[in-house]
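Worksheet: one structure, shown below.
Computed from a prediction, not measured in an experiment: that's the story for all the values here.
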Amino acid sequence: MFDKNQSRFGITRAHCLFLILFMVAASVIPMLMKEAYADEQNTSLEGKDSYRFVIVPKAIAPWFDSVDKGARQAARMIEAQSGADVEIEYSAPQQSQVLIQNQIIEQAIATQPDGIAVDPLDAKANRAILQEALDQGINVVIFDAPAPKGLAVSSVGNDFCEQAKIASRRLVKLLDKKGKVAIMMGTPTAPNHAIRVRCHKEVFAQYSDIEIVGTGINNDSIAKAQQQAATIMQANPQLDGWVVAEASGPIGVAQAIKEAGKVGEVKLVGLEKLPEMLQLIEEGVADSSVANRPEAQGYWTVQALWQQSLGIKPPDYMDTGVDLITQDNLDEFQ
């Protein structure tokens, strides 16, 4: 005889009740979770009618004009996709000085924009003001540089060390692994410039017959690069070649090479793809250039700021890559 509380398979009524409740829960809980998830996504993805993003470069320089161009392309894309109005406020320091840059960032914070993008002149000196922006709930993205240590922000750029090494290896090859070289350092406190200079030196140190005889500091200025290069070449008449740390440097160096009548004699491997740089390659004043992609940096910087304003965390680091430009592939970049 079976117990009246058992089925013929030995399952009690309590077991049956538990199985029924389990099956109900199994069907209902996922539905509730899905609804909760949908509500959460709808809340986090709810956009605004307008956005304002502030772009703060190192200084006024042609390379940053390309960053601004990419940022405005991203703004148009966001407007097309979301229907919102997007304003890009481009605020460049008149001089490559961290104090001036920090003042611009401070002024931007006071206006409470939806996001601020900064190319730091000095990671340590910029860190406190950038943390202040974060503390006030303003989204921050770093471009053209690694994020300052300890600052929880995304960065957009490229492998600055490898970019420099491609250039310095190219120069070593042009010089048949021997000769006197010089480096135009850009702004020494700028993280990406400092990385490039260090990596240029690492490559040159591998060759016993390569000697660094001069370094110039141009602080993102073409005119200063020309002056510094002229001085270094006068002091070192046997100089064989140049590498640089940023986009303005090679243009100034090339002008000094032309003025000294040493086109073809002094080799130049530049950086970036400003129209002037491409023209120098075409004329044979510069051998080549290792270029990152400023338009892409501007574009993805604004994209990252917009994503954060929607509650979406962008990648910690976005690498937009580099290109080696020579006379053989120059048409692709002109």
- Query: Do any N or O atoms from the side chain of D240 and from the backbone of V266 form a donor-acceptor pair under 3.5 angstrom?
  - Reply: no
- Query: To the nearest 0.5 Å, how far apart are CZ in R72 and CD in E79?
  - Reply: 11.0 Å
- When rounded to the nearest 0.5 angstrom, what distance separates CD in Q97 from OG1 in T189? 10.5 Å
- Verify whether one side chain among E283 and Q279 offers a donor that lies under 3.5 Å from an acceptor in the other. yes
- Message: I need the M184 CE to H200 NE2 distance, nearest 0.5 Å.
- Response: 11.5 Å
- Query: Are the side chain of K178 and the backbone N or O of L175 linked by a donor-acceptor pair below 3.5 Å?
  - Reply: no
- Message: Considering only residues two or more places apart or on different chains, which pairs with a residue in residues 217-247 satisfy disulfide bond (SG atoms under 2.5 Å apart)?
- Response: none
- Query: Any side-chain heavy-atom pair from E211 and V181 closer than 4.5 angstrom?
  - Reply: no
- Heavy-atom closest pair (A75 atom, V302 atom, distance to 0.1 Å) is N-CG1, 4.5 Å
- Task: Please confirm whether the backbone N or O of V290 pairs with a side-chain atom of Q163, one donor and one acceptor, at under 3.5 Å?
- Result: yes
- Task: Treat each ILVMFWY residue as a node, draw an edge where side-chain heavy atoms are under 4.5 Å apart, and state whether I109 and I142 are in one component.
- Result: yes
- Item | Sidechain N-carboxylate O distance under 4.0 Å for R293, D323 | yes
- Is a side-chain donor-acceptor pair under 3.5 Å present for N158 with N292? yes
- For the pair D159 (side chain) and C161 (backbone), establish whether a donor and an acceptor sit closer than 3.5 Å, ignoring hydrogens and angles. yes
- Test item: N126 side-chain N/O and I105 main-chain N/O as donor-acceptor pair under 3.5 Å: no
- Do Q107 side-chain atoms and A110 backbone N/O form a donor-acceptor pair below 3.5 Å? no
- Would a 4.5 Å heavy-atom cut-off, applied to side chains only, mark F143 and I55 as touching? yes
- Item | ILVMFWY network linking F204 to W242, side-chain heavy atoms under 4.5 angstrom | no
- Task: To the nearest 0.5 angstrom, please state how far the OG atom of S221 sits from the CD atom of Q95.
- Result: 10.0 Å
- Query: Salt bridge check: are D65 and K69 linked by an N-O gap of less than 4.0 Å?
  - Reply: no
- Neighbour count >12 (heavy atoms, 6.0 Å) for atom NZ, K313: yes
- Message: For Q131 and D135: C-alpha separation, side-chain torsions, deciding distance, then whether side-chain hydrogen bond (donor to acceptor under 3.5 Å, both in side chains) applies.
- Response: CA-CA 6 Å; Q131 185 62 57; D135 292 343; 2.9 Å; yes
- Item | Full working for side-chain hydrogen bond (donor to acceptor under 3.5 Å, both in side chains) between T187 and D220 | CA-CA 6 Å; T187 302; D220 288 88; 2.9 Å; yes
- Which pairs, with at least one residue in residues 48-119 and sequence neighbours excluded, count as a disulfide bond (SG atoms under 2.5 Å apart)? none
- Decide salt bridge (Lys or Arg N to Asp or Glu O under 4.0 Å) for E162 and R169; before the verdict, give the C-alpha distance in whole Å, the side-chain angles of both, and the deciding distance to 0.1 Å. CA-CA 10 Å; E162 184 59 24; R169 288 172 189 146; 3.2 Å; yes
- Task: Check the pair Q334, E282 against side-chain hydrogen bond (donor to acceptor under 3.5 Å, both in side chains), reporting the backbone distance first and the verdict last.
- Result: CA-CA 10 Å; Q334 287 180 318; E282 185 173 13; 3.2 Å; yes
- Message: Under 3.5 Å, is there a donor on one side chain and an acceptor on the other for Q101 and E106?
- Response: no
- Query: Between D287 and R170, does at least one N-O distance fall below 4.0 Å, as a salt bridge requires?
  - Reply: yes
- Counting only heavy atoms not in Q136, do more than 12 sit closer than 6.0 Å to its CD atom? yes
- Query: Below 4.0 angstrom, N of the basic side chain to O of the carboxylate: do E272 and R196 qualify?
  - Reply: yes
- Are M77 and L305 connected in the hydrophobic side-chain network, where two residues link if heavy atoms are under 4.5 Å apart? yes
- Query: side-chain contact (heavy atoms from CB on, under 4.5 Å) with P93: which of V98, L99, I60, I100?
  - Reply: I100
- Item | Heavy-atom check, side chain of L280 versus side chain of K258, under 4.5 Å | yes
- Determine whether D49 and D85 make a side-chain contact, defined as any pair of heavy atoms from C-beta on separated by less than 4.5 Å. no
- Should the pair D144-K58 be classified as a salt bridge under the 4.0 Å nitrogen-to-oxygen rule? yes
- Message: If you count heavy atoms of other groups shown closer than 6.0 angstrom to NZ of K201, is the number above 12?
- Response: no
- Item | Sidechain-backbone polar pair: D122 side chain, A125 backbone, donor-acceptor under 3.5 Å | yes
- Message: Given 3.5 Å as the limit, does a donor-acceptor pair link the side chain of S154 with the main chain of P315, or not?
- Response: yes
- Distance in Å, K48 NZ paired with S82 OG, rounded so as to fall on 0.5 Å steps: 11.5 Å
- Should S289 and I281 be marked as a side-chain contact (heavy atoms from CB on, under 4.5 Å) after you check the CA-CA gap, both sets of side-chain angles, and the distance that decides it? CA-CA 8 Å; S289 183; I281 296 172; 3.9 Å; yes
- Query: Got V269 and P250 here, is their nearest side-chain heavy-atom distance under 4.5 Å?
  - Reply: no
- Message: Between L278 and K273, is the side-chain contact (heavy atoms from CB on, under 4.5 Å) condition met? List the steps.
- Response: CA-CA 6 Å; L278 301 182; K273 57 178 180 180; 4.1 Å; yes
- Item | Spacing of CE belonging to M277 relative to OG belonging to S248, to within rounding of 0.5 Å | 11.5 Å
- Is any NZ, NE, NH1 or NH2 atom of the basic residue among K173 and D176 found under 4.0 Å from an Asp or Glu carboxylate oxygen of the other? no
- Query: Around W300, counting heavy atoms of other residues, nucleotides and ligands shown, do more than 12 lie under 6.0 Å from its CH2?
  - Reply: no
- Same apolar cluster: I217 and I232, side chain cutoff 4.5 Å: no
- Answer yes or no: are there more than 12 heavy-atom neighbours, outside K180 itself, under 6.0 Å from its atom NZ? no
- Task: Check whether any side-chain heavy atom of V153 lies under 4.5 Å from a side-chain heavy atom of V141, and answer yes or no.
- Result: no
- Item | Member of Q297, Q303, E295 meeting the side-chain hydrogen bond (donor to acceptor under 3.5 Å, both in side chains) criterion with Y299 | Q303
- Working for side-chain hydrogen bond (donor to acceptor under 3.5 Å, both in side chains), residues T326 and S288: CA-CA 5 Å; T326 68; S288 52; over 6 Å; no
- Task: Identify the heavy atoms of L271 and A245 that sit nearest to each other, and give their distance.
- Result: CD1-C, 3.5 Å
- Would you check if D316 and S155 make a side-chain contact, meaning some heavy-atom pair closer than 4.5 Å? no
- Quick one: do W63 and I104 end up in the same hydrophobic cluster if we chain Ile, Leu, Val, Met, Phe, Trp and Tyr together by side-chain heavy atoms under 4.5 Å apart? no
- Please check if any side-chain donor atom of Q226 sits under 3.5 Å from a side-chain acceptor atom of E259, or the reverse. yes
- Item | Any side-chain heavy-atom pair of P146 and F160 under 4.5 Å | yes
- Message: Taking R52 first and then D114, would you say they form a salt bridge - that is, a charged N and a carboxylate O separated by under 4.0 Å?
- Response: no
